[in-house]
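Order of the sequence lines sets the chain letters (A, B, ...), proteins ahead of strands, with each chain counted from 1.
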Amino acid sequence: MFSIVTYFSVEALLLLLVTALLYACLPQKLRRWVLLLASYIFFYSISGKLLAYLLFSTLSVHHIGLWLADVQNECAAQTKGLARDERKALNAVYQKKQRKIMGFACFIHIGLLVLLKYTPFFSENINTLLKLAGSSFKLQIPKYLIPIGISFYTLQAVAYLFDVYRKKIPADRNLMRLALFMSFFPQLMEGPICRYSDTAVALYDAPKMRYDNFVLGSQRILFGLMKKLVIADRLNLLIQNVYAEPNKYDGFIIALSAVGYTFQLYADFSGTMDLVIGAAQMFGITLPENFKRPFFSATISEFWKRWHITLGTWFKDYIFFPVSMSKPMKKLTTQARKKLGNHYGPLIAGAVSLFCVWICNGLWHGAGWNYIFFGMYHFALILGGNIAEPVVIKITQKLHINRASFPYRCIQIARTFILVCFGELFFRAEGLKSGIKMFCKIFTDFTFASLKSGSLFKCGMDRQDYIIIIVSAILLFVIGILQEKGIQIRNSIAKKNIAVQFAVYYALILFIIIFGAYGAGYVPLDPIYAGF
Amino acid sequence: MDERLLEILEDIQPEVDFETCTTLIDDHYLDSLSIISLVAELEEEFDITIPTVEIIPDNFNSAEKMWEMITRLSEED
């Protein structure tokens with residue numbers, strides 16, 4: 001049995017090609033089975049027998065969805081023809097029943113995720129507390145094998161159940177369609193986190209493979225390969241050295257590697273998304289976008305609307321609004337608005353909800369204090385931005401500064417980028433302590449000596465490496481500007497005559513072959529988001 | 001258009017012409033915080049429950065759309 005480590009391995013690309021070939025040759029009824037089988041082979045080749053977890057989650061989601069539907073149907077039958085007050089009272093009874101089912105569903109699905117991913121972290125911290133309290137009692141720290149993609153497919157499962165509970169979608173009786181929705185192999189390891197209404201029907205329909213989809217999908221896969229092999233893997237030469245032993249480097253190199261890591265993370269994750277979305281497009285499946293040129297964001301809030309979009313919208317729909325719209329929060333908002341006004345009144349409920357979102361966001365990325373710090377850092381920045389907004393508006397008005405002007409937006413973009421880089425420094429650091437040390441060093445030990453002496457070029461990356469990264473960054477920047485202006489580059493290329501099309505493809509392939517960081521002397525970057 | 005709805009909207013965001021604007025969410029006249037206030041006020045004023053599933057741009061982009069949602073939810077409740 002072959003095993004897959006990343007999407008960018010020969011085995012994964014081979015599986016994709018064989019699946020695409022079978023998909024193209026077989027009739028519709030069998031195509032969906034090809035996708036499901038390929039998905040389970042993909043999962044098994046990474047996580048082996050842990051496939052049982054995915055199968056259990058799929059069966060559980062199917063069953064609970066139908067259970068909710070039964071209660072909803074019973075409620076509809078019982079309340080039919082009743083007067084409004086009676087209907088309201090009976091609705092409340094059934095609503096309570098459904099809430100209990102959802103509580104049970106969350107206990108099963110979130111509980112399993114917490115058990116596998118967070119028990120060691122919580123146990124370690126409880127042991128530290130016990131030690132501080134002078135107790136000799138120690139909890140055993142369990143070690144679990146974690147199935148690949150559990151953080152992603154669990155969120156899809158919970159979203160599906162909440163959508164059924166909210167009557168946004170009907171419960172699906174078709175187990176095969178649900179199984180495909182939960183396991184579709186291109187998105188299994190790193191998302192995007194899809195909603196049932198986004199992909200389930202299209203996956204089950206298994207549309208015929210079309211030439212234009214195949215071309216556009218392949219283009220996107222190539223672009224993803226470029227980001228991953230040329231940028232992310234090359235930057236790894238510097239990043240892994242500096243973050244492993246930050247004490248050896250001055251503040252300038254640490255600042256540079258913080259910026260480098262932010263760019264690496266973007267290239268790795270968005271490059272993987274290009275591959276995933278491109279692969280799905282080859283089968284005629286449209287997956288939701290996960291990135292929208294995040295480095296053009298003027299504020300941190302905007303950044304999170306452009307970076308890992310499907311995770312952000314998941315938290316907004318299933319945590320932010322449910323918390324801020326809960327009865328106690330609504331009451332608080334109404335009262336606070338009378339006393340504190342239109343801006344600061346609802347901000348209290350907003351802050352509580354934001355806190356819940358960001359603690360979950362931090363923990364979702366990993367069981368570690370640096371991830372919690374990362375979440376709290378972004379919580380503080382977004383809340384701080386909201387608190388300061390009326391003051392900033394007043395100041396800029398007094399100073400006659402046009403907030404919509406190009407220079408003002410450039411300053412905002414630069415500020416947001418710097419803040420994001422600091423956040424990512426803590427995110428990547430080997431623990432919170434190391435992150436704090438690195439952060440301090442940027443300010444206490446900042447010198448250009450390493451640049452002048454040339455020692456900067458001996459930290460893992462030499463002059464050529466830097467040139468390749470800078471050229472690639474300029475390329476991405478130009479592409480980003482064109483996309484911001486609404487120009488659809490891939491469609492424009494696909495419309496050119498065949499000679500121009502292939503000239504572009506060959507240029508991109510050659511660029512990857514020549515400048516890609518692979519082979520002897522290079523350590524490919526592990527898929528960062530697959531670890532979450 | 002219901003006068004009570006317009007009053008609530010003008011109270012929350014006085015600088016917007018709610019009778020004509022049809023891009024309240026798309027053009028960021030109403031942000032997440034305004035929506036939190038708005039939902040609380042609408043529920044109290046019209047004795048309805050606005051479930052989270054209804055909090056989508058389409059339902060809040062204009063006063064007219066909001067009124068349609070309120071009427072629908074009053075009938076469903």
Side-chain angles (χ1 to χ4, degrees), chain A residues 76 79 83-85 87-89 91-92 95 162-169 197 299 301-302 305 313 316-338 340-354 357 382-383 386-387 389-390, chain B residues 2 4-19 21 23-61 63 65-66 68-77:
Chain A
T79 51
R84 192 182 183 218
D85 285 347
R87 202 169 64 217
K88 240 180 157 176
N91 268 336
Q95 193 66 22
F162 266 103
D163 287 353
V164 171
Y165 166 73
R166 292 168 177 177
K167 295 183 192 162
K168 197 177 165 189
I169 52 169
S197 48
T299 63
S301 300
E302 189 186 345
K305 285 175 189 150
T313 49
K316 189 183 85 187
D317 290 349
Y318 303 105
I319 295 185
F320 182 82
F321 278 128
V323 174
S324 57
M325 301 294 174
S326 61
K327 267 186 191 166
M329 285 297 148
K330 277 183 208 159
K331 212 173 166 186
L332 179 68
T333 299
T334 311
Q335 285 169 353
R337 207 168 70 83
K338 282 172 193 156
L340 300 172
N342 279 332
H343 185 77
Y344 292 110
L347 194 56
I348 299 174
V352 174
S353 318
L354 263 184
V357 163
I382 294 173
L383 185 62
N386 269 308
I387 292 171
E389 200 187 349
Chain B
D2 189 271
R4 288 174 298 166
L5 171 63
L6 285 177
E7 259 175 46
I8 290 171
L9 286 168
E10 275 155 21
D11 185 37
I12 286 172
Q13 196 61 273
E15 291 139 32
V16 183
D17 180 5
F18 286 99
E19 291 197 55
C21 186
T23 52
L24 293 170
I25 303 292
D26 297 343
D27 288 338
H28 311 289
Y29 292 112
L30 293 177
D31 57 11
S32 302
L33 293 180
S34 315
I35 295 291
I36 296 175
S37 300
L38 187 56
V39 168
E41 295 296 329
L42 293 180
E43 287 194 351
E44 197 176 283
E45 182 64 42
F46 296 101
D47 187 28
I48 51 169
T49 307
I50 301 176
T52 322
V53 69
E54 297 286 351
I55 301 167
I56 49 171
D58 203 34
N59 282 344
F60 288 88
N61 254 331
K65 284 278 174 191
M66 284 183 228
E68 276 174 27
M69 176 188 70
I70 293 165
T71 320
R72 182 165 43 82
L73 290 173
S74 310
E75 284 162 9
E76 277 174 18
D77 239 351

Peer 1: Non-hydrogen atoms of chain A under 4.5 Å away: do they reach the side chain of B/D31, the backbone, both or neither?
Peer 2: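 The answer is neither part of B/D31.
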
Peer 1: Is the closest side-chain heavy-atom distance between B/I55 and A/F320 below 4.5 Å?
Peer 2: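 With C-beta onward as the side chain, the pair stays apart.
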
Peer 1: Count the heavy-atom pairs under 4.5 Å between each of A/K327, A/R337, A/H343 and chain B, then report the option with the highest count.
Peer 2: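 Top option by heavy-atom pairs under 4.5 Å: A/R337.
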
Peer 1: Against B/E43, only a single residue in B/T49, B/L38, B/I70 fulfils side chain to side chain contact (heavy atoms under 4.5 Å, CB included); can you say which?
Peer 2: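 One option only clears the test, and that one is B/T49.
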
Peer 1: Heavy-atom pairs under 4.5 Å with chain A: which of B/L33, B/V53, B/V39 has the most?
Peer 2: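 Sorted descending by pairs with chain A, the first entry is B/L33.
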
Peer 1: Please test B/T52 against A/R166 for side-chain contact (heavy atoms from CB on, under 4.5 Å), starting from the C-alpha separation and ending with a verdict.
Peer 2: CA-CA 8 Å; B/T52 322; A/R166 292 168 177 177; 3.9 Å; yes

Peer 1: Looking only at the side chains, is there a donor atom on one of A/Y318 and A/D163 sitting less than 3.5 Å from an acceptor on the other?
Peer 2: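 A/Y318 vs A/D163: donor-acceptor pair found between side chains.
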
Peer 1: Given heavy-atom pairs under 4.5 angstrom as the criterion, report whether the side chain, backbone, both or neither of B/E54 touches chain A.
Peer 2: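 When you check distances to chain A, no heavy atom of B/E54 falls under 4.5 Å.
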
Peer 1: Non-hydrogen atoms of chain B under 4.5 Å away: do they reach the side chain of A/T334, the backbone, both or neither?
Peer 2: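 Backbone plus side chain of A/T334, per the 4.5 Å heavy-atom cut-off to chain B.
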
Peer 1: Between B/L24 and B/F60, does the side-chain contact (heavy atoms from CB on, under 4.5 Å) criterion hold? Intermediate values first, please.
Peer 2: CA-CA 7 Å; B/L24 293 170; B/F60 288 88; over 6 Å; no

